[in-house]
Amino acid sequence: MAERTVTIASTHGLHARPASIFTQAAAKAGVPVQLTKGDKTVNAASILGVISLGIDHNDDVVLSVEGDGADAVLDELAALLTTDHDAA
Amino acid sequence: MTFQGVGIGRGMAMGTVLQMPAPLPEPQDAPSTLSVDAEKERAAVALAATAAGIRARGERAGGSAKDVLEAQAFMAEDPTLSDDVKARIGTGKTAERAVFEAFASFRDLLVSMGGYMGERATDLDDVSQRVVAQLQGVEAPGVPDPDHQFVLVARDLAPADTALLNLDKVLGLITSDGGPTSHTAILAREKSIVAVVGAAGALEIANGTTVVVDASTGTITVDPNEDQRFAAKMAIQERASLAKAPAGPGRLADDTEIPLLANLGSAGGAEEAVELGAEGVGLFRTEFLFLDSAQAPTVEEQQAQYSSLFAAFPGKKVVVRALDAGADKPLSFLNDAPEENPALGLRGLRALRANEQILRDQLTAIRNAEAENTADVWVMAPMVSTLEETRYFTSIAREIGLKTAGVMIEVPSSALLADRILVDADFASIGTNDLTQYTLAADRLLGSVASFQDPWHPAVLRLVGEVGKAGAALGKPVGICGEAAADPLLAVVLVGLGATSLSMSPAALADVRAELRLYTIEQAQHFAELALKANSAMEARAAVSASASS
């Protein structure tokens, strides 16, 4: 299993639109992806799960990916989390 | 048989009733009689079918409704939710009960997070109801969407319902609850839908029954006879031809001129506004130029947009409001610091002042566009709360070469000091929505305090009167650009308080124009006195209505 810690860039945290962009990308990854904040871990393809983490700007979260091509998936998803979607 | 409520506007409609389906009762928490696997299968099928159904509705609706519905479809397909449903079924619950509980627990979580996420709670409730309806094989609750025109009857409509309302099919709206300031009433006024609100007993009208809805009297006639049908048809035709007839300028019965102007949010609405008889633009909102962009558009880009609007109003007045970001429409490049109370924060002119170059660029673009056209261009600053801010804005506007610079009065402090502000400003324009919000200290985006958001409140009217008096004493124009000007009878009261022009969504122009013609300035002033003497918004409305119909 591959893991990476990233800092959330979106000004308003991982809410609404950024969360929806992220979960759709995670769903398309084809391998199970999990997102952890603090001691709580959720399925990264679940918008309700991701929203329920209450992730704010500058929070550190851990992405973990299992299976083939885990590193490529990590690269893609980490890039989404470190982009400020609220500024786009 | 007839029902009585409060009419919104002056329209009339005839059509067949469709009741908004009542919310489903909470599924009982009885042990399942099926196997766990069978219940899981039922839940999975219902969730998938609901998601597909919602998505199909989104495709039909298009536009912003499509995005709302797409997000709802994702909720129905959510893996975390599905896991939660399966876990609950594993403890012996029925699929209905498990779905209900799983959605409710996420709803509670969103509500506890507050803000934007809290508002999504109603979306979850809606999806939950649809899945349960699917499981029980009953009609899904929510706004009906038949393939014919209808008169919608509901207890009251939530903002989420009205967003999905297909306005081409809704002939009229009737609610049994809710008053003249309910969300339904506001929507009806904005979109010029014939509506009667607070009509007790209307929920008993059977689907398919023909009704005549008369907003001018607040009466709903059930099963009208031949004569009543004929009279209604005639009245509807007459109103339609009135709306199309060339509209004269706004004036009172004694020929006092009250120019009727349009509120526009983009240059695109100009043609329709002119057709509906707008004598100019009383509020041109410029936010659309800035939304969805990471930085302010260039002077040239803005100039092209302003110029295309000014070209639609040759020789006419066009009042452009400087960028009004904040509270309900944040712009990251102006202010991205989170605020505890955005409505009381760095918004309006305050935000522009913190980014003066954006203000200067915008005013320069407006001046350049004015030079290319013959429109009489006025500029005004949003959310001005002090005399010092007034001077700040007018001095920059004049320095740039704009000849008419004024302020919006939305904060009680500026209304109270209007006699000083209008010494410097060339005009005032009262934004009644924000003025009501700030006077009654009730967030106008918050449903739980919506009943405070009533511009008939005597405290709000007294403040309007202060501005009117100051304008009259100093010979400066005082306009109204807000929801209040679109309410025909209130528009007359505002004129009585000293408003010299009224600006509103173009759909409301015809009714307000017709209402103004009924009264002299003395009568309008008498109405204003009656409203000021009242103890509440409801009393003010009742006192003026009684006097108007006597």
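Just so we're on the same page: letters track the sequence lines, and every chain starts at 1.
Here the OG atom belonging to Ser46(A) is positioned 6.0 Å from the CZ atom belonging to Phe106(B), to the nearest 0.5 angstrom. How far CD1 of Ile51(A) is from CE of Met75(B): 6.5 Å, rounded to the nearest 0.5 Å.
Annotation: side chain of Leu48(A) is in contact with side chain of Leu124(B) (closest heavy-atom distance under 4.5 Å).
Within residues 82-104 of chain B, no residue has a heavy atom under 4.5 Å from a heavy atom of chain A.
The minimum heavy-atom distance between Ser52(A) and Leu109(B), with the atom names listed, is CB-CD2, 2.9 Å.
Side-chain polar atoms of Thr80(B) and Asn43(A) form no donor-acceptor pair below 3.5 angstrom.
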